[in-house]
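Residue numbers begin at 1 in each chain, while the letters A, B, ... track the order of the sequences.
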2 protein chains.
Amino acid sequence: MQTIFVILMLGSVLMSSSAAEPRQLNLMPMPSSVQTKTGQLVIDTSFTVGIDGRTDALVQRSVGLFLDDLRRQTGMAPLDMKLTDAGQAKLVVHSQHENKRVQELGEDESYSLEINSAGAKLDAATPLGVMRGLQTFLQLVQTTADGFATPAIAIQDNPRFPWRGLMIDVGRHFIPLDVLKRNLDGMAAVKLNVFHWHLSDNQGFRVESKKFPKLQEMGSDDLYYTQDEVRELIAYARERGIRVVPEFDMPGHSTAWFVGYPELASGPGPYEIERKWGVFDPAMDPTEERTYKFLDAFIGEMAALFPDQYFHIGGDEVNGKEWAANPKIQAFMRAHGFKTNQDLQAYFNTRVQKIVAKHGKTMVGWDEILRPDLPKDIVVQSWRGQDSLAAAAKLGYRGILSYGYYLDLMWPASRHYAVDPMSDAAANLTAEEKKQILGGEACMWSEYVSPENIDSRIWPRAAAIAERLWSPQGMTDANSMYERLQQISRWLDGLGLTHNSSYEPMLRRIAGSDDISALRTFTDVVEPVKDYTREESAVVEATSLSPLNRVIDAARPESETARHFADLVNAIVAGTADAGAKQEVRTLLTAWRDDQNNLQALEDHSFLLKEIVPLSQDLSAVATTGLQAVDYIDRAERPPNAWAEQQFVLLDQAQKPKAQLLLMVAPSVQKLVEASSGQKAPPPQK
Amino acid sequence: MQTIFVILMLGSVLMSSSAAEPRQLNLMPMPSSVQTKTGQLVIDTSFTVGIDGRTDALVQRSVGLFLDDLRRQTGMAPLDMKLTDAGQAKLVVHSQHENKRVQELGEDESYSLEINSAGAKLDAATPLGVMRGLQTFLQLVQTTADGFATPAIAIQDNPRFPWRGLMIDVGRHFIPLDVLKRNLDGMAAVKLNVFHWHLSDNQGFRVESKKFPKLQEMGSDDLYYTQDEVRELIAYARERGIRVVPEFDMPGHSTAWFVGYPELASGPGPYEIERKWGVFDPAMDPTEERTYKFLDAFIGEMAALFPDQYFHIGGDEVNGKEWAANPKIQAFMRAHGFKTNQDLQAYFNTRVQKIVAKHGKTMVGWDEILRPDLPKDIVVQSWRGQDSLAAAAKLGYRGILSYGYYLDLMWPASRHYAVDPMSDAAANLTAEEKKQILGGEACMWSEYVSPENIDSRIWPRAAAIAERLWSPQGMTDANSMYERLQQISRWLDGLGLTHNSSYEPMLRRIAGSDDISALRTFTDVVEPVKDYTREESAVVEATSLSPLNRVIDAARPESETARHFADLVNAIVAGTADAGAKQEVRTLLTAWRDDQNNLQALEDHSFLLKEIVPLSQDLSAVATTGLQAVDYIDRAERPPNAWAEQQFVLLDQAQKPKAQLLLMVAPSVQKLVEASSGQKAPPPQK
């Protein structure tokens with residue numbers, strides 16, 4: 001069989017359906033090799049799956065989940081589409097090896113999937129490969145003229161990196177178990193394989209400890225997972241081929257521990273659960289043996305609860321203030337010759353690493369933990385970047401990248417997609433050193449997420465990161481990614497994720513009305529401010545008690561409308577726009593121009609709309625400018641210089657955040673003004 | 001305090017908010033007495049609830065659920081809005097009596113709710129009244145210029161009927177526990193208080209029996225509730241003030257029992273789970289003592305599992321064929337002097353009633369069970385109508401109405417709303433006899449529902465039935481009901497019901513595309529055929545294996561668009577339409593005229609769209625006719641007689657079902673043709 005790397009050549013894969021038009025393959029992450037063929041496999045009520053060879057419980061369960069998904073996708077009854085003997089089955093599934101008792105890092109996830117009009121065969125080395133292949137199969141199923149069907153196709157696939165994670169911070173905002181479960185479904189759909197569970201922070205300790213019950217009783221506001229629930233989630237993840245790595249952040253980010261156990265801390269106490277966001281002073285006391293005795297017992301308990309080999313101790317952002325203020329700790333540092341807080345933390349990490357190892361686990365920590373005296377089997381999670389990762393690799397440490405994958409920073413998917421763990425200094429590593437880079441993790445820090453909007457912060461953008469970590473490095477076409485991302489976003493809807501469905505109810509609450517068309521028109525073209533601007537620009541400091549019900553909480557991290565508008569404008573500016581595109585630009589601009597008027601009727605009725613009035617005025621003004629610019633372009637007429645200058649001032653003003661929102665169509669309108677006037681906008685004013 | 005029955009006078013209640021426009025109270029069911037006042041109670045993060053007097057666990061739990069709902073509604077954090085001492089609370093809740101161990105029929109559900117700008121007080125006789133009042137409070141919360149707030153108001157409220165039910169048939173299609181739970185949330189929101197669980201039928205036996213495990217093992221396709229799950233659902237219902245009445249249909253509708261226990265049946269067997277819909281021959285053998293011995297043990301087990309006082313034995317639709325074919329049964333009938341199958345069934349019912357009573361329960365059954373030799377404490381559920389109910393009442397039997405409340409018949413909400421248990425013969429009963437009429441139940445028979453679309457068959461229409469059973473008899477304004485129904489429908493969205501959210505995903509599957517605008521335009525104006533036409537007009541007989549993924553399965557039982565269009569057309573015909581209304585009619589008609597063209601692009605790609613092509617052509621033709629008629633009306637010009645006649649033929653054709661769908665805008669277009677031409681359409685042709 002001749003294998004072709006279709007995606008690398010075409011950007012997106014086209015196939016012929018039985019009807020006239022070719023259809024795109026909506027695969028995400030795109031497999032490493034795809035060969036399309038003629039014909040299709042029709043999937044009807046009589047569709048069957050058979051397991052070839054030994055019956056592995058995990059494979060059987062995977063096929064059960066697959067059939068549930070396939071029935072849901074096609075609207076069939078639970079009585080349709082059965083598991084049968086491999087001899088008669090339409091889809092035959094085969095795994096060469098049995099599953100491991102506990103899922104391991106680096107287990108073979110490769111599979112091959114061959115489909116023709118008579119049937120399909122999925123071959124994998126392990127049950128994990130079977131799961132990945134079944135997800136690919138589901139993504140191939142489409143509604144066609146002849147019924148539901150998958151195209152005839154041959155796929156060879158394997159992941160680029162063995163560690164492809166999603167971290168969810170349940171410390172700052174508690175995220176209920178059912179919300180985590182639906183996010184695990186989303187992870188499985190895009191072949192992510194590590195759920196990194198950030199379980200404690202200053203604002204909350206979220207796991208039941210039976211040995212130290214005051215951790216959850218006094219440190220969680222009663223918002224925590226019981227050990228039974230933890231086991232339930234781990235089992236749920238296991239069935240989807242996802243490892244669960246717990247993180248208990250120490251010695252900093254640990255105020256919530258100290259509410260019940262102030263003797264662990266370096267300050268005099270008493271402590272309360274932190275309500276604010278930021279980096280705080282409280283830190284464990286690394287100089288007291290009772291600290292290590294506590295951690296030994298606690299880590300022992302958690303090591304038994306969480307079966308994964310890896311155990312994350314956090315280790316980030318200790319500001320050292322409590323250490324500096326404690327004479328006993330200062331004396332300890334002098335006695336041991338520790339010059340800096342980093343030295344003291346390194347001592348702490350070395351002690352903790354021994355405890356983690358004693359309980360049979362391998363330690364993971366953030367960048368800060370890395371000191372050459374730690375054993376080489378630890379894993380460093382880098383929020384600092386590829387250079388930091390490369391430096392660790394050179395020292396012989398394994399690492400995973402999270403820099404560039406922070407979902408809370410509200411970056412567009414394309415920006416995450418462009419971040420590669422093997423770029424920058426990592427690109428220059430030796431082949432052996434490169435093996436130390438295990439992959440990466442998307443991170444959902446939760447200052448501004450609730451069960452209502454967390455899905456919209458994770459999805460669909462995490463799917464772009466999932467593709468970066470699974471698919472071949474050369475696959476970098478953002479247009480293809482965006483096309484498929486839109487499809488996968490709908491697919492994730494079907495799994496119960498609420499990134500799309502929560503949008504309109506939030507707008508209705510804000511509007512205080514069912515009639516949200518004007519508010520939707522506005523919110524569709526704005527995005528929350530980026531990076532850490534939300535914190536920095538807050539009028540009232542946000543806390544864990546702040547309602548997350550503002551427009552910024554409903555607005556999508558990335559405006560599809562603005563992206564589409566930018567494409568249309570680029571075509572106009574390049575002179576390649578057809579009449580339809582030009583008309584669409586006018587229609588959009590007209591709707592935006594008129595939106596302020598329509599919104600005013602709502603504004604009187606809602607306290608939540610007051611803050612967006614200035615930006616809604618900007619939208620109207622910017623759209624008016626855009627329409628004028630398009631007129632000039634259409635008439636091939638140069639506008640007066642004064643007009644262009646005036647518009648640049650207006651556009652500069654309109655691009656400043658208001659209500660912590662950014663007007664995402666302003667830059668495109670600026671392009672129109674530049675194109676019409678032949679002038680370049682001056683650099684933004686402070 | 002002067003109480004006014006606002007709703008009876010105004011049709012809908014208006015209130016002034018702090019902004020200019022008055023806002024409607026979106027209460028459903030409308031309380032018996034509502035008095036609006038000046039001012040409002042602002043609800044912010046510091047809102048608190050206190051329980052006055054004795055701490056009742058059920059009241060405490062209700063307040064907890066209420067706060068969860070209120071936080072969800074306002075987008076607040078779990079740490080906001082606490083339970084506090086009654087002395088400091090914004091909302092003080094008081095129940096005069098403690099809850100009963102098991103919720104009882106006829107428990108006092110009345111409450112009074114007084115709200116002013118300083119605080120609110122909810123007073124009730126029982127915890128049930130507290131639950132009802134808290135739901136009313138939630139419906140009062142709106143987004144206002146000054147924050148979330150409820151209007152100042154005084155409400156006195158109590159239900160008209162003590163039995164207000166929803167029956168869900170989980171026999172024909174199994175409905176998973178989580179789907180039932182969200183429907184219980186919906187029931188609680190509209191103050192329904194009985195969940196009637198139709199647990200067995202020819203197509204499935206859905207409860208685990210430990211005494212007779214072959215019932216679920218052989219009779220359920222592995223789709224059944226464990227006893228733990230049953231207890232979980234009952235507890236869930238209890239917290240929401242809902243009784244759970246189980247139904248085990250006998251002696252007919254019981255094929256699924258016989259798969260595991262053929263000795264119960266009147267025929268020779270063996271039996272298989274029925275896959276088709278309809279009335280079937282298998283029936284229990286009423287002549288064998290082993291039947292009663294089995295039922296004694298079985299009912300004993302179920303009577304212990306289900307705490308409610310009432311136990312439903314079905315008793316409907318026995319065709320008697322197995323009895324007629326069995327010489328031993330015929331001999332038994334002769335020996336006992338039974339002339340008809342009804343006589344034999346009456347004998348069976350009398351025996352079963354004694355068993356039910358022996359286990360401490362009161363028997364409920366469908367119309368057919370009623371024979372004067374049964375004791376007077378049984379309850380008759382009438383699918384035959386108010387006359388049947390009245391006849392039972394005269395004989396001293398209690399009854400509940402389900403005639404007119406069958407949700408599967410796809411009637412509009414207004415038609416259900418117009419059905420009153422006290423109308424027809426029931427209206428002429430004495431006061432004493434009227435007390436025998438306990439209320440009614442909406443029924444969701446499940447031949448054509450799946451977990452995906454069941455919510456859209458139940459909601460929001462069941463809310464109109466809930467209002468009929470709760471609110472004063474004189475409240476019959478369908479316009480007011482529809483206005484509020486739209487609001488409650490959104491409210492139900494927030495509870496997780498999928499009646500709205502499942503619509504577009506189903507259309508996407510049908511279209512095989514994300515671009516569903518053309519299909520949506522079409523589906524928005526069609527409805528599934530009514531009554532039992534779907535069965536009668538099936539091209540391929542439907543079974544429990546049939547996918548429910550056609551347009552008829554996605555289409556709403558009642559087209560909001562068609563209803564709105566009818567209102568506009570009525571205004572035009574009456575000469576009261578303003579320019580905006582006229583323009584809207586033209587816009588709608590133009591979109592429908594052009595829709596066929598837009599749909600064609602999709603049709604080539606989807607086997608599920610093929611069947612709607614003729615009706616989509618009808619829509620286009622009907623809309624063209626409508627536009628012509630509007631032109632004539634606008635020009636005050638009489639069209640030629642021949643034109644009108646031609647249109648009447650076309651419209652008659654367009655009103656015939658196609659693809660088991662009805663084109664709901666055709667009758668309104670016919671009105672336009674009649675108004676423009678001064679001619680009356682001939683009666684429909686067969």
Side-chain angles (χ1 to χ4, degrees), chain A residues 17 19-21 23 44-45 71-80 142-148 173-174 221-223 273 275 450-453 486-487 490 493-494 501 504-506 508-514 543-550 553-554 601 603-610, chain B residues 17-21 23 44-45 71-80 142-148 173-174 221-223 275 450-453 486-487 490 493-494 501 504-506 508-514 543-550 553-554 601 603-610:
Chain A
S17 81
E21 300 251 318
R23 291 203 174 191
D44 58 21
T45 55
R71 287 187 205 104
R72 187 179 44 66
Q73 187 175 3
T74 54
M76 292 191 190
L79 305 177
D80 300 325
Q142 297 188 329
T143 309
T144 77
D146 306 317
F148 298 107
H173 273 105
F174 180 70
D221 298 299
D222 255 350
L223 297 167
I273 296 176
R275 301 298 179 201
S450 66
E452 186 178 36
N453 77 349
Q486 232 167 343
Q487 303 297 321
R490 291 299 180 196
D493 282 345
S501 64
E504 293 198 353
M506 291 185 84
R508 272 187 216 110
R509 174 201 293 144
I510 292 166
S513 164
D514 257 19
T543 72
S544 54
L545 286 85
S546 303
L548 296 173
N549 56 14
R550 294 165 56 206
D553 300 306
E603 281 160 6
D604 288 343
H605 274 301
S606 168
F607 70 110
L608 291 167
L609 285 176
K610 283 179 191 160
Chain B
S17 81
S18 65
E21 300 251 319
R23 290 205 174 189
D44 58 20
T45 54
R71 287 187 206 102
R72 187 180 43 69
Q73 187 175 3
T74 54
M76 293 191 189
L79 305 178
D80 300 326
Q142 298 188 328
T143 309
T144 76
D146 307 317
F148 298 108
H173 273 105
F174 179 70
D221 297 298
D222 253 349
L223 297 167
R275 302 298 180 200
S450 66
E452 186 178 36
N453 76 349
Q486 231 166 343
Q487 302 298 322
R490 290 301 179 193
D493 282 345
S501 64
E504 292 197 354
M506 291 184 84
R508 273 188 214 107
R509 173 200 295 144
I510 292 165
S513 164
D514 257 18
T543 72
S544 54
L545 287 86
S546 303
L548 295 174
N549 55 13
R550 294 165 56 207
D553 300 306
E603 280 160 7
D604 288 343
H605 273 302
S606 168
F607 70 109
L608 291 166
L609 285 175
K610 282 179 192 160

- Calculate, to the nearest 0.5 Å, the distance between atoms CG and CG belonging to B:L545 and A:D80 respectively. 5.0 Å
- Option in B:S450, B:P78, B:P547, B:A601 with maximal non-hydrogen atom pairs under 4.5 Å from chain A: B:P547
- Determine the option with the most heavy-atom pairs under 4.5 angstrom with chain A, choosing from B:T74, B:L608, B:I510, B:D44. B:T74
- Message: Could you measure the distance from the CG atom of A:D493 to the CZ atom of B:R508? Nearest 0.5 Å is fine.
- Response: 6.0 Å
- Message: When you compare the side chain of B:D146 with that of A:F607, does any pair of heavy atoms fall below 4.5 Å?
- Response: no
- Note on the structure: Separation between CD (B:Q142) and OG (A:S513), nearest 0.5 Å, reads 10.0 Å
- Is there a side-chain contact between B:T143 and A:H605, using heavy atoms and a 4.5 Å cut-off? no
- Item | Selection from B:K610, B:M76, B:Q73, B:H173 maximising heavy-atom pairs under 4.5 Å formed with chain A | B:Q73
- Task: Apply side chain to side chain donor-acceptor pair (under 3.5 Å) to A:E452 and list each qualifying residue two or more places apart in sequence or on a separate chain.
- Result: A:R509
- Given the options B:P505, B:S501, B:G147, B:S546, which has more heavy-atom pairs under 4.5 Å with chain A than any of the others? B:G147
- So, the part of B:F174 with a heavy atom under 4.5 Å from chain A: the answer is neither
- Task: Before giving the answer on side-chain contact (heavy atoms from CB on, under 4.5 Å), spell out for B:D221 and A:L79 the whole-Å C-alpha distance, their side-chain angles and the decisive distance to 0.1 Å.
- Result: CA-CA 8 Å; B:D221 297 298; A:L79 305 177; 3.4 Å; yes
- Message: If I measure from the heavy atoms of chain A, does B:R550 come under 4.5 Å with its side chain, its backbone, both, or neither?
- Response: neither
